[in-house]
Structures are given as structure tokens and as C-alpha cells.
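Worth knowing before you read on, the calculation uses all heavy atoms, side chains too, and leaves out hydrogens, waters and symmetry mates. This is a predicted model, so every value here is computed, not measured.
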Amino acid sequence: MSTPPVPEAQLTDGGWELAEATDETIFELSKVRVTGSTWRYEDAATRERLRAATGGDIDRMVRFFAVTTLAFEPELPSGGLSAIGPMIRSKAVETFERRLRGRGLEAIRRRRTDRYELESGTADLTTIGAVDPMDGHERGLSLECWIAVWIADRPRVVTAGYPAEPLSAVFELSGASDKLARSRTRYREEFFKLLEATATATE
């Protein structure tokens, strides 16, 4: 299994842990199979604090960050990557939405797509709203999810999701730790820092 380029120092410092590593076929185009090596991380520190603050009642992933490197079978000829770039971007977003549904998320809705300049090239960045129904609890947890796709010398996809409001407010936790009181703005800022760090990470 190949190792995607990830910002290991930032992830470790932020309390992230590797939750899953996979090699698989992501999707297929007319004559090309697109495979991916994915490392998905979970914010284990926040999960542990939420579990402790709720007396073990809530013990689940509430925030993730994943990096996927793409490969092609057969290998693309010169100029082939840019030619199928739009299809790769479209299929990647569709696949991400399908996987969010597969994880039990609801109310998935694509909001907007922008171009975002990274050191390794321009990425297409799409934001997607979703809701974790939190079975057994009075209310669901709204999430803000992202997928960044950039087609360069090393085609990559970054996906992420985090609470759209402070966990302390959602679950009415008084005196919650700083990690449980983070706002959507702060989560978003942290995501973009990881995204930028991923753009410069080496394999």
C-alpha cells in the first residue's frame, strides 16, 4: 500500500489518529480505472473529550480528515490527465457524497464549488452540508464537509468533515473544554491549515 503525503506533524499535534488505510478502485471512466490510496484520520482527542463529558453516552467520530492519492490503469498518455480532469473532479465529488450517505449521514446537500490556489496547483474545492442523525439522541449533529480535488503531477483528493456548531451547544455541556467549544469558523480555519500543509507534504 502506498502512503499518501500527509502533514504528520500537524495531525499528531492536533490529536488526530489514523483510523483507516485503504487501497481501492475509486471509480471507473470509459477506458480508465481510477484507483486510490487513502489514509483517513479521526480527531481522537475531541472524541475522547466528548465521551468523557457525556459519561460515555456519546462515543463516536465527529470529525475526520482524509488524503487520497490517485493512480490510473492503464497509465495515461502525455496530456491525458488534463483531458479527463473535469470527469475526475465530478466523479470524486459524487463518490464522496455516496460515501457520506453510506456512513449514515442525512440531508446531504452540495453548497458551492470554488477554485483554490495551493502551492502544488489549483484545487476545486466543494463544500457539502450533512447531518449525523445521532441515533438515540434528541437532535442530530450538523456537519460541514469538504472535498478538494487537484489535478497536478500528483493528483490528490482531500476530504474532511467537522461539526457546524460547537459540540458544547449541541449537547448542552456546561463547563466544556476548549475543544468541545470550538466554533465552525475555528474548525474551518484548522481545515484550511491542514489542506495547505497537505499541498506541500511529501510522500
Side-chain angles (χ1 to χ4, degrees), residues 1-27 34-54 56-71 92-106 108 125-137 140-149 154 156-164 166-167 170-171 177-180 182 184 186-199 201-203:
M1 177 179 293
S2 60
T3 304
V6 297
E8 293 184 4
Q10 289 91 330
L11 290 166
T12 299
D13 291 345
W16 298 84
E17 291 183 359
L18 183 64
E20 183 180 35
T22 59
D23 276 341
E24 60 183 333
T25 296
I26 305 297
F27 50 81
V34 182
T35 61
S37 295
T38 301
W39 281 26
R40 180 172 60 82
Y41 290 82
E42 175 186 354
D43 183 351
T46 297
R47 177 174 185 164
E48 171 57 26
R49 283 169 173 75
L50 181 60
R51 186 197 65 77
T54 60
D57 185 44
I58 302 175
D59 184 10
R60 63 197 295 152
M61 181 177 69
V62 294
R63 186 187 184 203
F64 67 89
F65 180 83
V67 180
T68 301
T69 53
L70 302 180
V93 174
E94 291 175 6
T95 299
F96 182 46
E97 291 175 328
R98 184 171 64 251
R99 291 185 175 181
L100 292 177
R101 293 188 185 93
R103 292 172 185 164
L105 300 185
E106 301 174 349
I108 296 169
L125 190 59
T126 300
T127 178
I128 298 169
V131 175
D132 182 340
M134 300 294 291
D135 296 337
H137 296 275
L141 175 63
S142 295
L143 300 174
E144 185 169 80
C145 303
W146 295 86
I147 174 170
V149 184
R154 295 180 300 163
R156 278 173 286 175
V157 176
V158 169
T159 56
Y162 51 77
L167 292 169
V170 175
F171 300 111
S177 67
D178 182 56
K179 283 187 178 294
L180 299 184
R182 278 177 298 197
R184 174 168 58 179
R186 183 173 168 190
Y187 278 123
R188 186 180 297 167
E189 290 171 349
E190 292 177 356
F191 161 68
F192 275 98
K193 287 179 180 178
L194 285 175
L195 181 63
E196 292 283 3
T198 300
T202 57
E203 296 177 84

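In this structure, M134 and F171 have side chains that are in contact, with non-hydrogen atoms separated by less than 4.5 Å. Within the 4.5 Å cutoff, no side-chain heavy atoms of T126 are placed close to those of F96. Two residues are said to be in side-chain contact when any heavy atoms from C-beta on lie closer than 4.5 Å; T38 and E20 fail this criterion. The side-chain heavy atoms of W16 and R63, taken from C-beta on, include a pair separated by under 4.5 Å. Looking at heavy atoms from C-beta onward, R184 lies out of side-chain contact with S142 at the 4.5 angstrom threshold. No side-chain heavy atom of L143 sits less than 4.5 Å from a side-chain heavy atom of L100. Under the 4.5 Å side-chain criterion, counting only non-hydrogen atoms from C-beta, T159 is not in contact with C145. Within the 4.5 Å cutoff, no side-chain heavy atoms of E17 are placed close to those of R47.
Salt bridge annotation for K179-D43: absent, with no cationic side-chain nitrogen under 4.0 angstrom from a carboxylate oxygen. Ion pair E24/R99 flagged as a salt bridge, since at least one NZ, NE, NH1 or NH2 atom sits closer than 4.0 Å to an Asp/Glu carboxylate oxygen.
Here the closest non-hydrogen pair linking V157 and A92 is CG2-CB, 4.5 Å. Of all the heavy atoms in G36 and T68, the pair that sits closest is CA-CG2, 3.9 Å. Taking both residues in full, the closest heavy atoms of Y187 and P163 are given as CD1-O, 3.4 Å, listed atom of the first, atom of the second, then distance. The heavy-atom pair separating P133 from G104 by the smallest distance is CD-O, 3.3 Å.
For the atom pair T46 OG1 and Y162 OH, the distance stands at 14.0 Å (nearest 0.5 Å). To the nearest 0.5 Å, atom OG1 of residue T198 and atom CG of residue L11 are 7.0 Å apart. Put simply, CD on Q10 and CG on L194 are 7.0 Å apart, with the number rounded to the nearest 0.5 Å. Taking CZ from R156 and CG from L70, the interatomic distance works out to 10.0 Å, rounded to the nearest 0.5 Å. Here CG of D132 is found 8.5 Å from CE of M61. Values are rounded to the nearest 0.5 Å.
Residues T54 and D57 bring no donor and acceptor atom of their side chains to less than 3.5 Å of each other.
Side chain of R188 to main chain of E144: no donor-acceptor pair is present (N/O by atom type, distance under 3.5 Å, no hydrogens or angles).
The ring pair (Phe, Tyr, Trp, His ring centres under 6.0 Å) search around F27 returns none, not counting sequence neighbours. Listed by chain and number, the residues in a side chain to side chain contact (heavy atoms under 4.5 Å, CB included) with R186 are D178, R182, S183, E190 (sequence neighbours excluded).
The aromatic rings of W146 and F192 stand perpendicular to each other, their planes meeting at an angle above 60°, with 30° marking the opposite boundary.
Partner V158 forms a side-chain contact (heavy atoms from CB on, under 4.5 Å) with one of V67, V6, I147, L125 and no other, that one being V67.
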